[in-house]
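Letters A, B, ... mirror the listed sequences (proteins, then strands); counts begin at 1. A quick note: this is a predicted structure, and the numbers were derived from the prediction, not measured.
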Amino acid sequence: MRDEDVSAASGTLLDWYDRHARVLPWRVAPADLRAGGRPDPYRVWLSEVMLQQTTVAAVGPKFERFLSLWPDVHALAGAADADVMAEWAGLGYYARARNLLKCARVVSGDLGGEFPRERAGLLKLPGIGPYTAAAISAIAFDHPEVVVDGNVERVVARLFAVETPLPQAKPELTEMAGMLTPAQRPGDHAQAMMDLGATICSPTKPACGICPLVTPCRARAAGNAAELPRKTRKAPKPVRLGYAYVARRSDGALLLERRPPRGLLGGMLGWPGSDWGDSPTETPPFAADWQEVPREVRHTFTHFDLRLAIRVACVSHEVDASRGDFVDNADFEPTSLPTLMRKVWKLAESSLPPL
DNA sequence: CAGCCGTGGGT
DNA sequence: TACCCAAGGCT
């Protein structure tokens, strides 16, 4: 594509964005930007971290909830770890929540509450990688950074008919995304590329008929837009087995434990359980008359499928558990558990006698 | 640097 | 059902 064609495509995209930009809680509309409005860097950062590998639909309510609880970076920096983890429950990739707090405390404590404006400064902060650093710099501060996420990779791969499979094609796609990035309104450009990828240039069924870039798109011309970008197939997930133990005291308190601060579901609350593998050993947190729950919990993680057998026990006040702590019934919030543990509770609760 | 790290929705 | 996929980062 010639330079003038690239420039024309970029302009066409911005025109489309002016008319079709989605209204999102963390976004400042193009017209409001022109009127002098600027996004709140705290909101941009919070939304971008939440949006990492997560859909807009899932992020929306969480973003609003976080903002109401912690309206600025100082408020978030002062929050208790357990409160932030509880509010993040259900969003997944819990290292994001741990790094979110670390980052908030650095910005609030060491940077006077001001986020770095430059990509390099942002990159040093916990939980901010190449994508997020560029996105914050571009969207919050309108710096001409090249923002490349999965949407941009797909749009560019199609626009330039890149046949190289991912992740090998990443440098090539980044260079092409850079050619498209304009000096004016780079923040809107970045969001336009991502909107286009999310709503029109979709993974399996691109709506080329209504795409503003249909004319210059080389994959469309070749008729293989839906097949790009090419990717190598992933290996099937192994199945792991395990046990989870739900103990309820006579006063209704439930035995929960804080998981280790790293690794799977790190830092989150959960039910005590066995190791997860081919042949887990039963390791209840104390001796009791553990009852089998007839159904098992099935849950899919990024790199394995899990099947958990559930055991429940009703015990007296005096029981002494080797792991975890009893949480008062009034303080127990299933919504503060990661989804896997919420599934376990749902099954366990149905097989426990009423209090 | 390739593997680890969640979850819900779409096809 | 069994995949695929999403505004990735960390180690």
Side-chain angles (χ1 to χ4, degrees), chain A residues 22 24-27 43-63 85 88-100 102-103 122-140 145-155 166-168 170 174 177 187 189-199 201-206 226-227 229-240 259-268 270 276 297-306 335 337-343:
Chain A
R22 290 185 288 174
L24 302 173
W26 48 85
R27 178 175 280 178
R43 297 187 185 209
V44 174
W45 163 71
L46 180 60
S47 66
E48 289 299 341
V49 173
M50 286 184 168
L51 286 162
Q52 290 166 4
Q53 295 290 289
T54 308
T55 58
V56 166
V59 166
K62 285 290 183 192
F63 177 83
M85 300 312 289
W88 197 274
L91 260 195
Y93 285 140
Y94 297 98
R96 291 186 295 169
R98 304 192 299 268
N99 286 328
L100 189 82
K102 288 183 192 168
C103 183
L122 289 159
L123 262 179
K124 295 176 185 169
L125 296 169
I128 298 183
Y131 162 76
T132 307
I136 294 173
S137 188
I139 296 171
E145 297 293 342
V146 182
V147 180
V148 183
D149 73 332
N151 289 306
V152 176
E153 288 177 351
R154 184 170 58 255
V155 169
L166 283 169
Q168 187 187 340
K170 179 102 181 169
T174 299
H189 170 80
Q191 294 175 95
M193 290 285 283
M194 294 189 283
D195 269 20
L196 188 71
T199 63
C201 196
S202 59
T204 58
K205 292 194 304 179
E227 298 164 23
R230 304 201 185 278
K231 295 184 182 181
T232 53
R233 240 188 157 71
K234 288 161 188 165
K237 298 178 198 291
V239 176
R240 294 186 194 175
R259 297 175 60 84
R262 302 186 152 191
L264 196 67
L265 308 179
M268 300 298 290
W276 299 344
V297 163
R298 294 192 175 200
H299 192 73
T300 299
F301 289 102
T302 308
H303 53 294
F304 65 94
D305 287 331
L306 179 65
T335 55
L337 300 177
T339 300
L340 166 66
M341 301 301 173
R342 199 150 27 89
K343 287 182 181 177

* Contact class for Gly90(A) (heavy atom, under 4.0 Å): base, sugar-phosphate, or nothing? -> sugar-phosphate

* Starting at the 5' end of DNA chain C, which residue's closest nucleotide do you reach first, Ala95(A) or Arg22(A)? -> Arg22(A)

* Please figure out whether Leu91(A) or Thr204(A) has its closest DNA chain B nucleotide nearer the 5' end. => Leu91(A)

* Asked: Below 4.0 angstrom, N of the basic side chain to O of the carboxylate: do Asp195(A) and Arg22(A) qualify?
  -> yes

* So what does Pro236(A) touch, heavy atoms closer than 4.0 Å: a base, only the sugar-phosphate, or nothing? -> nothing

* Asked: Given that Pro167(A) and Tyr94(A) both sit by DNA chain B, which one's nearest nucleotide is further toward the 5' end?
  -> Pro167(A)

* Asked: What's the CH2-P distance between Trp88(A) and dT7(B), to the nearest Å?
  -> 13 Å

* Mind checking Arg233(A) for me? I need base, sugar-phosphate or nothing, with any heavy atom below 4.0 Å counting as a touch. => sugar-phosphate

* Contact under 4.0 Å: His299(A) side-chain N or O vs dT7(B) OP1/OP2 -> yes

* Determine the Euclidean distance between corresponding P atoms of dT11(C) and dG6(B); express it in Å to zero decimal places. => 14 Å

* To do: For Arg96(A) and dC5(B), give me the distance from atom CZ to atom P, rounded to whole Å.
  => 15 Å

* **Nearest-0.5 Å distance that lies between atom CZ in Arg27(A) and atom CD in Gln191(A)** => 4.5 Å

* Contact class for Thr132(A) (heavy atom, under 4.0 Å): base, sugar-phosphate, or nothing? -> sugar-phosphate

* Asked: From Phe63(A) CZ over to Trp26(A) CH2, what is the distance, rounded to the nearest 0.5 angstrom?
  -> 7.0 Å

* **Distance, P atom - from dT7(B) to dG3(B), rounded to whole angstrom** => 22 Å

* **Separation of dG6(B) C1' from Gln53(A) CD (nearest whole Å)** => 10 Å

* Would you kindly check whether a donor in the side chain of Thr55(A) faces an acceptor in the base of dG8(B), or vice versa, at under 3.5 angstrom? => no

* Nearest 0.5 Å, what's the CG-CD1 distance between Leu122(A) and Ile136(A)? -> 5.0 Å

* Asked: Relative to the 5' end of DNA chain C, which residue comes earlier, Arg262(A) or Val56(A), by the nucleotide with the nearest heavy atom?
  -> Val56(A)

* For Thr339(A), report the nucleic acid contact type (base, sugar-phosphate, nothing); a contact means any heavy atom under 4.0 Å. => sugar-phosphate

* Find the distance Tyr93(A):OH to dC4(B):C1' and express it as a whole number of Å. => 9 Å

* Asked: How many Å lie between CG on Leu166(A) and P on dC4(C), as a whole number?
  -> 14 Å

* Structure fact -> In terms of heavy-atom contacts, Val148(A) and Tyr131(A) come closest through O-CD1, 3.7 Å

* Length of the CZ-P vector between Phe304(A) and dG3(B), whole Å -> 16 Å

* Asked: Taking N and O atoms by type only, does the side chain of Thr54(A) place a donor or acceptor under 3.5 Å from a partner on the base of dG6(B)?
  -> yes

* Structure fact -> In whole angstroms, the gap separating C1' of dT11(C) from CG of Leu264(A) amounts to 16 Å

* Touch check for Leu306(A), heavy atoms < 4.0 angstrom, all strands: base, sugar-phosphate only, or nothing? -> nothing

* Flag the pair Arg154(A) and Asp149(A) as a salt bridge only when some basic side-chain nitrogen lies within less than 4.0 angstrom of an acidic carboxylate oxygen. => no

* **Phosphate contact (dT11(B) OP1 or OP2) by Lys205(A) side-chain N/O below 4.0 Å** => yes

* Asked: Whole Å only: how far is the NE2 atom of His303(A) from the P atom of dC3(C)?
  -> 17 Å

* Sugar-phosphate, base or nothing in reach of Leu265(A), heavy atoms under 4.0 Å -> sugar-phosphate

* Lys231(A) side chain: which of dT7(B), dC5(B), dA6(C) is closest? -> dA6(C)

